[in-house]
Amino acid sequence: MMKITGLSHLFKWENLYFLVGSNHAQTKHRVLKIDRTEPKDLAIIDDKHVYNQQEVRELLGRLDLGNRTKMGQKGSSGLSRAVSAYGIVGFVRFLEGYYLVLITKRRKMADIGGHSIYKIEDTNMIYIPNDSVRVTHPDEARYSRIFQNVDLSSNFYFSYSYDLSHSLQYNLTLLHSPCDPGTVEEVHTRSSRQQDSFDIFEDEGLPTQVFHGLQSEPYAKYVWNGKLLERVKDTVHPDWLMYIIHGFCGQSKLLIYGRPVHVTLIARRSSKFAGTRFLKRGANCEGDVANEVETEQIIHDASVMSFTAGSYSSYVQVRGSVPLYWSQDISTMMPKPPIRLDQADPYAHVAALHFDQMLQRFGSPIIILNLVKKREKRKHEKILSEELFPAVINLNQFLPPEHCIDYIAWDMARYTKSKLYNVLDRLSMIAENVVKRTGFFINRSDFFCHTLRPDERWGDLGGSLTSSGRVQTGVLRTNCVDCLDRTNTAQFMVGKCALAYQLYALGMIDKPKLQFDTDCVRLFEELYEDHGDTLSLQYGGSQLVHRVKTYRKIAPWTQHSKDIMQTLSRYYSNAFSDADRQDAINLFLQVYQPSESKPHLWELPTDFYLHQRNSMALTHDRRSYTYWWSEGILSYLPLPYDEVPCEENMKKVGVRRVNRYDESIDTYTEFFKPYELTSFDDTFCIAMTNSARELMPKTVGVDPSPFTVRKPEETGKSAVIGAKSSKEETVVQRKTAASAPPPPSEEQISSSSEDDSEDDRDDDGSVSQRSTPVKLLTESGESDFLQQSMRETYGLNLAALPAEEDMLIYESLAFVLFFTSPSYLSLSSVPVSCFTTDSIYEVSSPQVDRDNREVFEGHVLTGLGQVRSLCREDILMYREYIKNRYM
C-alpha cells in the first residue's frame, strides 16, 4: 500500500492525460490515465499497480517516444508536463465535458500525532476533453465562474493520513476496535518490499514486522468534496481519494517551563444545508441545520509524538441554527428582517431528526444552550424560544429520564447591557456544569499527581471511564440567532473550562482552574477569536462584531469604531453578495447539477426545493413520532452509537496488513522527512505561535509560568500595541474586575442547572500553577528571590547553620565513634586494581578536579535539604540563558 502524499505530476498528450502520483520519498508511484477523446463522459483507467522510480521513468519514456509526431509535422511532440499538484479535489461537469480540480499549493497548519494537516493555498481547474471533440455551450463559462466563486484557498483543509472528518476520540477509539486478521488485505510481495520499503531487517534475514492498520469511512456531513469524488470513487484506488473539510484549523504551542504542549482548534463546517446567513436558516426536512459547525480542541504533550505512547486529550462542542422550520425575509432591506415560521411542526419532527443525529454521533446528554433574547418590545428572537422549548419537552417525554435533552435558556444580550451582572462569570458557571456532565476525552488514565494534588471537581467529572482513560459522552449545543458573536464567546468560556480540566488531566497544573490575563488563556483566546472571525466571514460576510474583550468590558475605545465597520460590512454582504455566494455553494456541493433539460441556476426564484427533498417527492417511510430515535441507539447510551464496535459500524472499517516501515503508518518518515534537506528555522514547530515568544514578558526574571496572572503592560505584545493603550485597558479592567452575584436561576429541564458551581468562584483569586520559586527583577537590576521558607516547606530551617558549640559537640562525637568502630580496625591498604594500566578487564579510578567536586557536593547537599544561596555568577548565567532562549 502507498498513499499519494507527495508531489503529483500531470502529463499532457493530445488524447490522454497521465497523472503520476507518488509518496513523500518519491520511491513509490501510481499512474492514472484519463481519456481526452470523450466529449461529455469521464473515462479513467487505473491499473492499481505500484511502480518504483525506475519503472515509472521507463513508462513515461516509452509513452513519450511512442507518441511523438512525425518529423516535420507541426505541433508539440510526445508528452509535456502540464501541472504539478499535491492532490485531487475532484471531477466536475456542467454542460460540456468534465473538469479536473487539482491542489497546486498547500501550507502546513497543524500537526497531530505526527500527521500533518494542510490548508489549500491554490488550485487549478483543468478542462479534460481536447479541442477536437469539445462541444461548446454558451452558458459553460458562466457556470465555471460561479463554481470558482467558492474560494478553495480560503479555509479548506486536508490531511493525507489523518481523518479530519472525525473527532480525535473517534479516531483513537478506532485503534482499539477488534478486527479479524483473516479477512485483511495482504502485505506487498517480497520483490516490492525489497525495492520500495525501508525495512532494515530484511538484509539480515530477520522476519519482516507486520502490523494491522485500520481505516474508516469519512463522516459525510463534514466532507465538502464527496460529490466531486463520487464519480471516480469505485474506479480508482483509494490512495487517490483525499477528502477536504471546510472551517478552521489553528495550532499554537504552550510552553510550560520548557515543556511543549500543543493546543489545536479544528472547526468542521457541515456540508448539509450549507449557505449564507439570511438565505439558510433553521433546518431542512432531514434534520440538517444551517451554520452547523463542530469545534474540537485538542491538547497533547508534544514531548511524545506517537498516538500510542503520547498523551492526547480532546473536547468537542457544536453550534448550529435553531432546529425548526424558520426563515427571514430579506426583501425588506432591513438590518434585522422579521423572523417567520414557515411550517407548522406540532410533533417536532424536524427537531427529532436533528437530535437523533446528535445522539448517534455524540451520545448523551445533549445540552442545549439557547442564548436568544427572551424579553423584547416587539417579538423577534423570542419566537424561536417559544417554539424550541415545547419541542424539547415533547421529545423528552419519550426518552429515558437519564438520557433526556437538557435545555438552558439564557438571555445573554440582556445581561450584557446590565451593569449589575458579569456575563463571563455567569458563562463560567454554565461551562463548569456542562463540562462536569459531558466529561472529555483523554487516552491516559489518571496520573499519580492527581493523588498528590487531589481536587474535588475531579471526582464529579462526567463522561465514561475506560481501561485506557476516559471518553466524552454527550455534547453542548450552543445557538443564538446567527450563531456568531454570542455563540463564539459562550463556546470560548466552555472551551476555557475544558482546557483547565485537560491540562489537569495531563498533569500540567495542580487544579482544574484557569484565570484570565495569563499567557495560557491569552493564547487560547487568540485561537478562538481567529476561529470566530473565520466562521463569521464564511457565514455572515464579516468578522466578529462582539468579542471576548467586549463582554469583559476591557476593549479599547477604538474597538467601537471597528464594530461599526464590521456591522456595515456584514449588512452589505448580506444584502448584495450573499445570493451569488449561495449559488456557488449549491453548485460546488452538487446540490444543483446543471442540465439542458432544467432551468439554469440563476433562473431559479429560490433554492428551497434543492435542500428540501420532501417538497419534490413523497417520503415512503415516515418515522414514528414517539420512537423518534434510530434503532439501536438507546441500548448503548450514554456512549455514542458511532463509536461502538458493533457489526454495523465494523462494516465501515477496513483492515489491512502493512510492513512496519511502510510509509502509510511510519509517522517518523512523514514528520521528520529524513530524505529532504531541511532547516530547523523553517520547520513548522518553530514557526507556530509560541507562548514564550509571543506572550511571555520580555523582562528577565519575571515568572515564566504561562499560568501566572499578568497586567496588560507586562505581556510580550505590549511593546507593539503601545504603553498608552495598555494602561487604559488596565484602568478599565480594574473597574470591571469585581464579580457580580449570579442572576436568578434560568428556565431549564432536568436538575442539571448551574446551582452547584457557586463554590468554584472562591478559587478565582488563586493562580493555578505549581509551587515553584518566582524570580522578580527590580528596577535597579538586582534579583530578588521570593521563595518559600525552609520551615514552611520542611518543618525546620535547614538553611541556617547550627551554633558553634553544637558543631564542636557533633565533631567530637563523630571522632570517637569513627575510631572505635570495628570497620575502622579492619581497613587495609589493598590497591583497587592489580593492573597498572586500563584494559578491558579493569580501569583506574577517574581523577576529579576540585570544581567538579564542589558541583557534586552541592547537588548532594541540595538533596539533603541544605540549599545554598545562588552567587552572582549563577544569576548572570541564568539571565543569559533566558535572554538567548526567549528574547
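Just so it is clear, the values below take in all heavy atoms, side chains as well, and ignore hydrogens, waters and symmetry mates. Being a predicted model, the structure only gives us computed values, none of them experimental.
With hydrogens and angles left out, the side-chain atoms of K108 and S116 include a donor and acceptor closer than 3.5 Å. Between the side chains of S314 and Q169, no donor N or O sits under 3.5 Å from an acceptor N or O. With 3.5 Å as the limit, one finds no donor-acceptor pair spanning the side chains of H166 and Y222. Y127 and D131 share no side-chain donor-acceptor pair at under 3.5 Å. Side-chain atoms of N23 and T27 form a donor-acceptor pair, as typed in the model, at a separation below 3.5 Å. No hydrogens or angles considered: a donor-acceptor pair under 3.5 Å links the side chains of S144 and Q148.
Once rounded to the nearest 0.5 Å, the distance linking CG of N488 with OG1 of T295 reads 8.0 Å.
Residue Q54 places its CD atom among 12 or fewer non-hydrogen atoms of other residues, nucleotides or ligands, all under 6.0 Å distant. Residue-environment remark: NZ (K233) stays at or below the threshold of 12 foreign heavy atoms within 6.0 Å. Surrounding CZ of F684 are more than 12 heavy atoms belonging to other residues, nucleotides or ligands, all under 6.0 Å away. Remark: K227 NZ is loosely packed, at most 12 non-hydrogen atoms of other residues, nucleotides or ligands lying under 6.0 Å away.
Considering only heavy atoms from C-beta on, D139 comes within 4.5 Å of L95 through its side chain. Taking 4.5 Å as the limit, every side-chain heavy atom of I88 sits out of range of all side-chain heavy atoms of L241. Using a 4.5 Å heavy-atom threshold, the side chains of Y219 and D163 count as separate.
When ring centroids are compared, H115 and F307 come within the 6.0 Å threshold. If you look at F147 and F94, their ring centroids are closer than 6.0 Å. For Y98 and F91, the ring centers sit 6.0 Å or farther from each other. You'll find the ring centres of F248 and Y157 outside the 6.0 Å limit. Taking the six-membered ring for Trp and the full ring otherwise, the centers of Y592 and W602 sit at least 6.0 Å from each other. Between F158 and Y160, the ring center distance clears the sub-6.0 Å criterion.
Between R277 and D578 there is no salt bridge, since no side-chain N of the basic residue sits under 4.0 Å from a carboxylate O of the acidic one. K253 and D111 are not joined by a salt bridge, as no carboxylate oxygen comes within less than 4.0 angstrom of a charged side-chain nitrogen. Look at K272 and E286 and you find no salt bridge, because none of the NZ, NE, NH1 or NH2 atoms lies under 4.0 Å from a carboxylate O. Taking a cutoff of 4.0 Å between a charged side-chain nitrogen and a carboxylate oxygen, K119 and E121 qualify as a salt bridge. Ion pairing of E294 with R319 is absent here, as no side-chain N (NZ or NE/NH1/NH2) approaches a carboxylate O to less than 4.0 Å. A salt bridge links D607 with K280: at least one charged nitrogen is closer than 4.0 Å to a carboxylate oxygen.
Applying the side-chain contact (heavy atoms from CB on, under 4.5 Å) test to D41 and every residue at least two apart in sequence or in another chain returns E38, R231.
Residue H246 is tested with Y539, F588, W224 for a ring pair (Phe, Tyr, Trp, His ring centres under 6.0 Å); the sole match is W224.
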